[in-house]
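In this text, all values refer to a predicted model and were calculated from it rather than measured experimentally. Reminder, nothing fancy here: chain letters follow the sequence lines and each chain counts from 1.
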2 protein chains.
Amino acid sequence: MNFRGVVGNPLIEKLRAFVPFTEEDLRMLDELVVAEREVEARTDIIQEGDKPSDVHLVMSGFACRYKVLPGGKRNIMAYLIPGDFCDLHVFVLNEMDHSLATLSPCRVVAIPRARILQLLERPAIAKAFWIAALVDEATLREWLVNIGSRPAEERIAHLLCEMLLRLRAVGLANGDRYELPLTQNDLADTMGMSSVHMNRVLQQLRGEKLIEFQQHNLVILDFERLREFGNFNPNYLHLTQRALAANGNGV
Amino acid sequence: MNFRGVVGNPLIEKLRAFVPFTEEDLRMLDELVVAEREVEARTDIIQEGDKPSDVHLVMSGFACRYKVLPGGKRNIMAYLIPGDFCDLHVFVLNEMDHSLATLSPCRVVAIPRARILQLLERPAIAKAFWIAALVDEATLREWLVNIGSRPAEERIAHLLCEMLLRLRAVGLANGDRYELPLTQNDLADTMGMSSVHMNRVLQQLRGEKLIEFQQHNLVILDFERLREFGNFNPNYLHLTQRALAANGNGV
DNA sequence: CGAGCCCTTGAAACTCGTCAATGATCGTGG
DNA sequence: CCACGATCATTGACGAGTTTCAAGGGCTCG
């Protein structure tokens, strides 16, 4: 058998880094992906207050969790990239306490809760989902530290390192470069700073020859230096050695 | 039967706000609390890198999750109050990516994973644990917004409102006042600011007659105004109406 | 070709951090 | 019971980092 998943299903690529699967597990995970829906950029998937019934899975593109404060300031609390579940919460909480939206054009799958419950009966899959949820939480903690303690320049360096590893884990990095379909304003709303300052700080990072960033294409010119500068330790992503080392499947 | 839990077990008081339990559920939850251990203030419970085998539950006092950056700056990412599990993660991740420590003197229970697995077989308890974990995550998101978007004064107002509701939910608030056994330095490390600035901002809040804070006793003088000022919306705590309204069991 | 979004720049104001020193409080031991 | 040291709270002065406001330029798309 040759599952699409093995080469192109980001959910499977991601979860395989946590847990070994049987062929049957892989088949079930792959069958989860039916009726992909195209969602254009900057469109809400779910809004705060909604009582959703399906679980959403991102298959391509960038989405985010966000809240908007009364003043109108948007706050991005997480990026959702291919292979990420948006809202496994649905099972136990009856109301969304934040919103989800696409940032770039996305392909999204809506999975009925019943399907998820079926999958949870397979121990390997249940464990993989569990780990994925914990890694999301660990990432949240790391973002909290990042925003709370680091100056803007290091903060961005840290984020760019994290995104490299996460995208690599699902085969979406090409060496030390990847597509980052976000505006400077999106990045600013993520890092808790103004877009003006984000612009200046990105210029600094470019000036120091740490990165290039044009047309939504990010190139990390010296990962080791960027990692050191942003004080990035990937332990919180709980990736296997294999996934850490992988160079992405590139072209 | 009259369980200790019904009146004094914070774990039960907290979980009852999420899910209704049978007598048998209550009994099992109450029996979880054996061999309480006194831990003095400012002592690590688990450290980053450890591979723990037990799950820890706080029964009294304040503890926290934290990381320390290379420069030596400590970063508090969560407060753990009576009724909170420290590390349900243990089941699936093999290494702590952060540390846990007491802030005040605490009573802590160490629960073997096997005991937890037993409890998870009871649907109501499993659901309550699940919800508690999701609320922890939602709280983390809210802290991220808080630190990322609000000026220092509002940030603190928000935190103080949150702690009021959380402590009420486990019967540890007395009307609009509660014990907050933290130093200004602890608070500063939590809110991503210097202790000098924390001091000045607390003075402002006191000057505006929003709070009093002496001898580790916090009094919220005008909750409605503090809530409004800190832009606090408790939806992310997913408390029932009952728990929201409760005035704490006070004296 | 124009509209709209995004990136870029400058200047001024402000929030907040750092440094350094002084008080206040508390537990401990003499 | 008081002296002591340690921890914690407070204050002032200064500077760095960051925001805000405002405006101009570039690119893309209809």
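Atom NE2 of A:His216 and atom C1' of D:dC27 are 11 Å apart (whole Å). Separating the NE2 atom of B:His197 from the C1' atom of D:dC14 is a distance of 15 Å, rounded to the nearest angstrom. If you measure from atom CE of B:Met191 to atom C1' of C:dG17, you get 17 Å, rounded to the nearest angstrom. In this structure, A:Asn185 atom CG and C:dC7 atom P are separated by 8 Å, rounded to whole Å. Put simply, CD on A:Gln184 is 16 Å from P on D:dG26, counting in whole angstrom units. Rounded to an integer number of Å, the gap from CG of B:Asp186 to C1' of D:dC8 is 11 Å. Rounded to whole Å, the distance from CG on B:Asp189 to C1' on D:dC8 is 14 Å. As rounded to whole Å, 14 Å separates atom P of D:dC29 from atom CD of A:Glu40.
Checking D:dT18, C:dT18, D:dC8 against the side-chain heavy atoms of B:Val196 singles out C:dT18 as nearest. Among the nucleotides C:dT9, C:dC26, D:dT20, the one closest to the side chain of A:Ser194 is D:dT20. Closest to the side chain of A:Thr183, from the set C:dC7, D:dT19, D:dT11, is C:dC7. When distances are taken from the side chain of A:Pro151 to each of D:dT18, C:dG17, D:dA9, the shortest belongs to D:dT18. Between C:dT9, C:dC6, C:dG17, one nucleotide has an atom nearer to the side chain of A:Arg42 than all others, and that is C:dC6. Listed nucleotides D:dT20, C:dC16, C:dT8 differ in distance to B:Ala152; the shortest reach to its side chain belongs to C:dC16.
Judged purely by atom type and a 3.5 angstrom limit, A:Ser104 uses its side chain to pair as donor or acceptor with the backbone of A:Phe62. A donor-acceptor contact shorter than 3.5 Å is absent between the side chain of B:Asn217 and the backbone of B:Gln214. Of the possible donor and acceptor atoms, none in the side chain of A:Thr190 sits under 3.5 Å from a partner among the backbone N and O of A:Ile76.
We find that A:Glu228 and A:Arg225 are not joined by a salt bridge, their nearest charged nitrogen and carboxylate oxygen being 4.0 Å or further apart. Salt-bridge check for A:Arg141 with B:Asp136: failed, with every basic side-chain N at 4.0 Å or more from each acidic carboxylate O. Note on B:Arg65 versus B:Asp87: no salt bridge recorded, every NZ/NE/NH1/NH2 to OD/OE distance being 4.0 Å or above. Salt-bridge check for A:Arg177 with A:Glu212: failed, with every basic side-chain N at 4.0 Å or more from each acidic carboxylate O. Salt bridge A:Asp176/A:Arg168: present, at least one basic N to carboxylate O contact under 4.0 Å.
The side chain of A:Asn199 places no N or O atom within less than 4.0 Å of a non-bridging phosphate oxygen (OP1 or OP2) of C:dC7. For the pair B:Gln214 and D:dA9, the criterion of a side-chain N or O lying under 4.0 Å from OP1 or OP2 is not met. Remark: B:Arg206 is in phosphate contact with D:dT10, judged by side-chain N or O atoms under 4.0 Å from OP1 or OP2. For the OP1/OP2 pair of D:dT11 and a distance below 4.0 Å, the side-chain nitrogens and oxygens of B:Gln203 include at least one atom meeting the criterion. Not one side-chain nitrogen or oxygen of B:Arg150 sits closer than 4.0 Å to the OP1 or OP2 atom of C:dC16.
Using a 4.0 Å heavy-atom cutoff across all strands shown, A:Glu153 reaches no nucleic acid atom at all.
Taking a pair as Watson-Crick or G-U wobble with both distances under 3.5 Å, the runs of three or more consecutive pairs in DNA chain C are C:1-5 with D:26-30, C:8-30 with D:1-23.
For a distance-only test at 3.5 Å, the side chain of B:Arg200 qualifies as a donor-acceptor partner of the base of D:dG12.
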